[in-house]
Amino acid sequence: MRVLICEDAAAAARRTADLLCAQVAARADAVLGLATGGTMEPVYALLRARCAAGTLDLSRVTTFNLDEYIGLPQDHPQSYRATIQRMLFDAARIPPERGHFPDGTAPDPGAASAQYEGLIAAAGGIDLQLLGIGENGHIGFNEPTSSLGSRTRPKTLTQSTRAANARFFGPDEKAPRFAITMGIATVLDARACVLIATGHKKAAAVAAAIEGPVSAVCPASALQMHPAATLLLDPEAAADLTLREYYDTVHPGGGEAPL
Ligand code: GLP
């Protein structure tokens with residue numbers, strides 16, 4: 001695991017955007033796994049700005065969203081499809097047929113999940129998967145105790161995840177109870193994983209993910225098994241790490257190793 005502790009949240013977002021840009025520079029038709037959530041918003045703002053400035057061209061990429069709520073209409077502003085459309089697709093001019101989303105409106109969410117796995121495989125797998133982390137250590141919507149061997153499937157959300165996501169919904173709306181998410185094994189199949197975590201609310205989950213045992217209780221800890229996982233943190237999210245000094249030595253200021 002590369003643990004990069006950046007100067008602040010803005011620097012962590014910049015480094016995340018840089019890694020995605022480097023992937024696209026290496027392969028213009030890269031297959032990208034996209035995540036949503038508040039932490040990702042500054043990352044997408046940077047990507048939009050780079051597209052507008054002409055320094056980033058996403059017109060040839062293929063994308064797969066990590067997860068989607070079940071039961072929200074696709075055009076609901078808080079569906080992850082609508083969110084990514086707003087945050088990236090409109091500005092990046094990614095052709096709609098190359099953006100893929102789990103179908104949270106499918107009558108058979110299990111069948112839709114299996115189909116999604118097939119689409120990822122048919123695209124040749126994911127080159128780079130962006131990830132956030134939940135306060136309880138979830139990645140995508142793989143809640144604690146999700147199988148480390150799980151594939152894309154419907155999941156029931158925990159009360160804490162629903163409470164954390166309630167802020168995105170109106171006072172009269174209930175945050176959805178179910179979602180389709182790539183599984184932990186699906187995420188681990190990506191050739192590179194990039195997880196960004198900022199803010200003190202993520203500190204405990206981040207410490208468990210990096211320094212705890214590999215355990216279904218902290219789904220993000222599965223990234224310890226991945227050969228090319230990078231975690232970008234701000235100092236608040238890194239606050240509970242025991243080996244902080246070591247990470248700062250290997251990657252001063254969140255930069256590349258001096259070796
Ligand atoms: C949500 C999403 C995750 C996201 C996480 C953190 O439930 N399903 O993909 O990483 O929670 O979200 P935030 O960045 O808003 O804290």
Side-chain angles (χ1 to χ4, degrees), residues 6 9-10 12-13 16-17 20 32-47 63-72 76-84 86-88 100-102 104 109 113 116 126 128-146 150 152-169 173-184 186-188 190 193-206 208-210 218-223 229-234 236-238:
C6 304
T16 305
L20 186 137
L32 304 173
L34 300 178
T36 44
T39 315
M40 298 302 307
E41 287 180 21
V43 177
Y44 292 126
L46 288 164
L47 296 177
T63 69
F64 287 90
N65 262 50
L66 183 60
D67 48 11
E68 179 59 286
Y69 291 117
I70 288 179
L72 278 192
H76 186 289
Q78 292 311 323
S79 77
Y80 284 166
R81 174 190 283 256
T83 301
I84 212 75
R86 199 167 55 237
M87 286 207 286
L88 188 64
H100 301 87
F101 309 87
S113 301
Y116 201 60
I126 291 171
L128 184 146
Q129 176 67 55
L130 289 179
L131 296 165
I133 185 170
E135 290 169 36
N136 62 6
H138 73 221
I139 47 174
F141 273 129
N142 292 285
E143 297 285 32
T145 72
S146 286
S150 52
T152 304
R153 70 217 182 287
K155 280 294 288 180
T156 303
L157 306 184
T158 62
Q159 194 47 46
S160 69
T161 296
R162 293 183 67 203
N165 289 348
R167 69 188 195 279
F168 294 114
F169 292 86
E173 285 180 306
K174 284 215 164 83
R177 290 181 59 205
F178 305 101
I180 295 178
T181 181
M182 282 186 202
I184 295 176
T186 318
V187 168
L188 293 181
C193 289
V194 174
L195 184 150
I196 175 169
T198 57
H200 65 94
K201 286 185 179 169
K202 303 293 173 68
V206 163
I210 298 172
C218 178
S221 68
L223 293 173
T230 302
L231 285 84
L232 294 125
L233 311 174
D234 71 351
E236 285 77 28

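In this text the structure is predicted, and so the values were computed from the model without any measurement. Residue indices begin at 1 and follow the sequence shown. Values below: every heavy atom of this structure, side chains too, minus hydrogens, waters and symmetry copies. Indexing begins at 1, ligand by ligand and atom by atom, following the structure's order.
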message: Can you name the atoms of ligand 1, numbered from 1 with element, that are less than 4.0 Å from a heavy atom of Asn165?
response: 1 (C), 7 (O)

Nearest heavy atoms of Pro102 and Ile180, plus distance in Å: CB-CG2, 3.6 Å

message: I need the nearest protein heavy-atom contact for atom 6 (C) of ligand 1: residue, atom name and distance, please.
response: Ile133 O, 3.4 Å

message: Looking only at the aromatic ring of each residue, does the gap between the centers of Phe169 and Tyr69 stay below 6.0 angstrom?
response: yes

message: Taking a cutoff of less than 4.0 Å between a non-hydrogen atom of the residue and any ligand atom, is Glu68 in contact with ligand 1?
response: no

statement: Between Pro176 and Leu157 the two heavy atoms that sit nearest each other are O-CD1, 3.5 Å

message: I'd like to check Asp234 versus Cys6 (side-chain heavy atoms, cut-off strictly below 4.5 Å). Are they in contact?
response: no

- line: The protein heavy atom nearest to atom 12 (O) of ligand 1 is Gly37 CA, 3.9 Å

field: Heavy atoms of other groups near Arg177 CZ, more than 12 under 6.0 Å
entry: no

message: How close do Gln129 and Leu34 get, counting heavy atoms only, and between which atoms?
response: NE2-N, 3.9 Å

- line: ligand 1 to Gly132, heavy atom cutoff 4.0 Å, flagged ligand atoms 10 (O)

statement: atom 2 (C) of ligand 1: closest protein heavy atom, distance to 0.1 Å, is Tyr80 OH, 3.6 Å

- prompt: Looking only at heavy atoms, what is the nearest atom pair of Met87 and Tyr44, with distance?
  reply: O-CB, 3.6 Å

message: Does the residue Glu135 have a heavy-atom contact with ligand 1, meaning some pair of atoms that are separated by less than 4.0 Å?
response: no

statement: among protein heavy atoms, the one nearest atom 11 (O) of ligand 1 is His138 NE2, 3.2 Å

message: I need the nearest protein heavy-atom contact for atom 14 (O) of ligand 1: residue, atom name and distance, please.
response: Thr39 OG1, 2.5 Å

- line: Tightest non-hydrogen contact, residues Gly132 and Ile139, listed as O-CG2, 3.6 Å

query: Does even one non-hydrogen atom of Gly140 get within less than 4.0 Å of ligand 1?
result: yes

message: Check the orientation of His100 and Phe64. Use parallel for under 30°, tilted for 30 to 60°, and perpendicular for over 60°.
response: parallel

field: Test item, Lys202 contacting ligand 1 (heavy atom, 4.0 angstrom)
entry: yes

query: Just heavy atoms, cut-off under 4.0 Å: does Glu41 contact ligand 1 by side chain, backbone, both, or neither?
result: neither

Within-cut-off N or O pair, Gly38 and ligand 1, under 3.5 Å: yes

query: Between Glu143 and Thr161, is a side chain to side chain donor-acceptor pair (under 3.5 Å) present by the stated rule, with each step listed?
result: CA-CA 8 Å; Glu143 297 285 32; Thr161 296; 2.7 Å; yes

task: Tell me which protein heavy atom sits closest to atom 8 (N) of ligand 1, plus the residue, atom name and distance to 0.1 Å.
output: Asp67 OD2, 2.8 Å

query: How close does the nearest protein non-hydrogen atom get to atom 4 (C) of ligand 1, and which residue and atom is it?
result: Thr36 O, 3.9 Å

